[in-house]
Protein chains: 2
Amino acid sequence: MSAEPLSRPRIVAAAIDLIEREGADAVSMRRIAADLGVGVMSLYNHVPSKAALLDAVAETVLSEIEFTDDPGADWADRVRMQARAFRQIAHHYPRCTMVVVSRQLKSTAGLLPVERALATLRSAGFDGAEAVRILRMFIAYIVGSLLREVGVTPTFAPVHHLQVDAGKVDPVLFPETSSLLPELGVCDHDAEFEFGLELLIGAIASARGPRGR
Amino acid sequence: MSAEPLSRPRIVAAAIDLIEREGADAVSMRRIAADLGVGVMSLYNHVPSKAALLDAVAETVLSEIEFTDDPGADWADRVRMQARAFRQIAHHYPRCTMVVVSRQLKSTAGLLPVERALATLRSAGFDGAEAVRILRMFIAYIVGSLLREVGVTPTFAPVHHLQVDAGKVDPVLFPETSSLLPELGVCDHDAEFEFGLELLIGAIASARGPRGR
DNA sequence: ACCTGAACACCGTTCAAGT
DNA sequence: ACCTGAACACCGTTCAAGT
């Protein structure tokens, strides 16, 4: 089918394609090989195992984040931009998001974002320990937001099914939930994400001020 | 092996056991059947598919959260307690956490926590839309924190490997990261979680005040 | 109603053989 | 160095047969 030689990047790209087309459950070495028009075992010349391939998928998606950092800008603006850049994963590779988030990478693929975030927070006047703490908090919020956005987090947030079978939610047992079904049934992901982001940045900013820096 | 009859709860319990013992990857219908001392196909009399079984695992773990709500307490205290109760999942069923978080449930299993949270936020004076927004933000933060705690979120937070191969992090390319390796290499999950929780509660509290209620 | 073994269409990966 | 088919030890699930 393709004249190009088999290579690790081409295999990873095929895997990402397959995941976006049919979901992570559809991934198999045999399927990817078929998509590339080669025998299964050919893959193993470039990738040691399926697990390693999925790690490579995660690393690649992570490394494709476009961080356009403006070191001259306000630290809060820089944090905003970095958080939004990270969130782009969910838009560019929605069905890979779970793969990215569920693989424990041991490479340095995700190190650049970390470096930038730490530098930004240090420039805002936080010491090392504070910067790490704050970074972890932002990552927790962002990762959790991505999972909701990608439609994976349980029972909470867009509950279209509940809206549809509104009768299923007993208004006596769950008065608040059933009265808020309209609100629970829709979710403006942009607005939702920005709301929490601003809240966190605001909280961080006022934590920085009072302590006097 | 066991005199008790096969039943859905027994199958789910065996699945949870297996996940906690050997991880989610070890789960197979055949393995669970073997653990229960029955033929594989017997399982299908109580559970329609492996996917449904994993959903049941998620629901069961979710429903075992111990929410001890004190409706008389301060709303901030109630939010604190509910967030901590949710986090108990990571302690009680660490290796099931990813399963819980990665399954999109359509049952009402997780509705009770939602109801309680909404009621608490309404009692604090937030209107319906605000309560939903705030709940989603807390859930994002908690879910993201659980994933870090369970050791699954990529490259960030406890980077023991990086600490071990400290030589791997180029201090020229990643000055902040490499100088903060000690801080990045350890993580007090309790402290980390409480830090973000208090920050969020504080921010919510001051968002409530100014608007005058 | 519940259990079951055989069978089918898949998996990931090892190995020995090719070029 | 790279590719490959056969083979092995697994999968989830359908179906027909048992009780």
Side-chain angles (χ1 to χ4, degrees), chain A residues 1-60 95-96 98-100 102-106, chain B residues 1-60 95-96 98-100 102-106:
Chain A
M1 198 99 291
S2 58
E4 309 161 76
L6 201 52
S7 69
R8 189 183 150 97
R10 251 170 47 85
I11 294 171
V12 173
I16 292 176
D17 256 38
L18 180 56
I19 294 173
E20 288 306 325
R21 267 189 346 257
E22 307 190 19
D25 284 347
V27 176
S28 80
M29 298 302 272
R30 296 174 126 106
R31 188 76 156 68
I32 292 168
D35 285 1
L36 288 167
V38 300
V40 208
M41 293 318 298
S42 305
L43 302 180
Y44 287 86
N45 290 307
H46 304 90
V47 157
S49 69
K50 185 188 179 181
L53 173 55
L54 289 177
D55 284 344
V57 165
E59 281 172 34
T60 301
R95 309 186 81 173
C96 284
M98 196 64 213
V99 176
V100 173
S102 65
R103 299 253 124 201
Q104 186 155 25
L105 303 185
K106 70 276 158 187
Chain B
M1 199 104 285
S2 58
E4 308 161 76
L6 201 51
S7 69
R8 189 183 150 98
R10 253 173 42 90
I11 294 171
V12 173
I16 293 176
D17 255 40
L18 180 56
I19 293 172
E20 289 305 325
R21 267 188 347 256
E22 307 189 21
D25 285 347
V27 176
S28 81
M29 298 302 270
R30 296 173 126 103
R31 187 75 155 68
I32 292 169
D35 285 2
L36 288 167
V38 301
V40 208
M41 293 319 297
S42 304
L43 302 180
Y44 287 85
N45 290 307
H46 303 91
V47 158
S49 69
K50 185 188 180 183
L53 173 55
L54 289 177
D55 283 345
V57 165
E59 281 172 34
T60 303
R95 309 186 81 174
C96 286
M98 196 64 212
V99 176
V100 174
S102 65
R103 298 255 126 202
Q104 187 157 22
L105 302 185
K106 71 278 159 185

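In what follows, chains are A, B, ... by sequence order, proteins preceding strands, each numbered from 1. Keep in mind the model is a prediction, meaning the values are calculated, not measured.
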Report task. In whole angstrom, give the distance that lies between atom CD1 of Ile11(B) and atom P of dG12(D). Result -> 13 Å

Report task. Check every atom of dC3(D), dC15(C), dC11(C) against the side chain of Leu6(A) and return the nucleotide holding the closest atom. Result -> dC3(D)

**Report entry** Under 3.5 Å on both distances, the Watson-Crick or G-U partner of dC2(D)
**Finding:** dG18(C)

Query - Partner of Ile11(A) under side chain to side chain contact (heavy atoms under 4.5 Å, CB included), chosen from Ile16(A), Asp35(A), Asn45(A), Leu53(A) - result: Leu53(A)

Query - Nucleotide forming a Watson-Crick or wobble pair with dA7(D), both distances under 3.5 Å - result: dT13(C)

Report task. Between Asn45(A) and Ser28(B), name the one whose nearest nucleotide on DNA chain D is closer to the 5' end. Result -> Asn45(A)

Query - Heavy-atom closest contact (His46(A) atom, Ser7(A) atom, distance) - result: CD2-CA, 3.8 Å

Query - Selected nucleotide, minimal atom distance to Met41(B) side chain, candidates dC2(C), dT14(D), dG12(D) - result: dT14(D)

Report summary line: Nearest heavy-atom approach of Ala15(A) to Val57(A) is CB-CG2, 3.8 Å

Report task. Please report, rounded to the nearest Å, how far the P atom of dT4(C) is from the CZ atom of Arg30(B). Result -> 14 Å

Query raised in the report: Starting at CG of Asp25(A) and ending at P of dC10(C), how long is that distance when rounded to a whole Å?
Result: 16 Å

Report task. Provide, to the nearest angstrom, the distance between the CZ atom belonging to Arg8(B) and the P atom belonging to dC2(C). Result -> 14 Å

Query raised in the report: Between Ala24(A) and Ile19(A), which heavy-atom pair has the shortest distance, and what is it?
Result: N-CG2, 4.0 Å

Report task. Establish, with yes or no, whether the OP1 or OP2 oxygen of dC3(D) is under 4.0 angstrom from a side-chain nitrogen or oxygen of His46(A). Result -> yes

Report summary line: Nearest heavy-atom approach of Ala51(A) to Arg103(A) is O-NH1, 3.2 Å

**Report entry** Ser49(A) side chain, from C-beta outward: closest of dT13(D), dT4(D), dT13(C)
**Finding:** dT13(C)

Query raised in the report: Base, sugar-phosphate alone, or nothing: which one does Ser42(A) contact when heavy atoms must sit under 4.0 Å apart?
Result: base

**Report entry** Proximity to the side chain of Lys50(A) - top-ranked nucleotide from dC3(D), dG12(C), dC3(C)
**Finding:** dG12(C)

Query raised in the report: Within this structure, what is the CG-to-P distance between Leu43(A) and dT4(D), rounded to whole angstrom?
Result: 10 Å

Requested in this report: Give the rounded distance in Å between these two atoms: CG of Leu18(B) and P of dC11(D).
Outcome: 10 Å

Requested in this report: Compare the minimum distances between each of dT4(C), dT13(C), dT13(D) and the side chain of Met29(B), then state the nucleotide with the smallest one.
Outcome: dT13(D)

Query raised in the report: Could you give the CG-to-P distance, from Leu53(A) to dT13(C), as a whole number of Å?
Result: 10 Å

Report summary line: Among dG12(C), dA6(C), dG12(D), the one nearest any side-chain atom of Tyr44(B) is dG12(D)

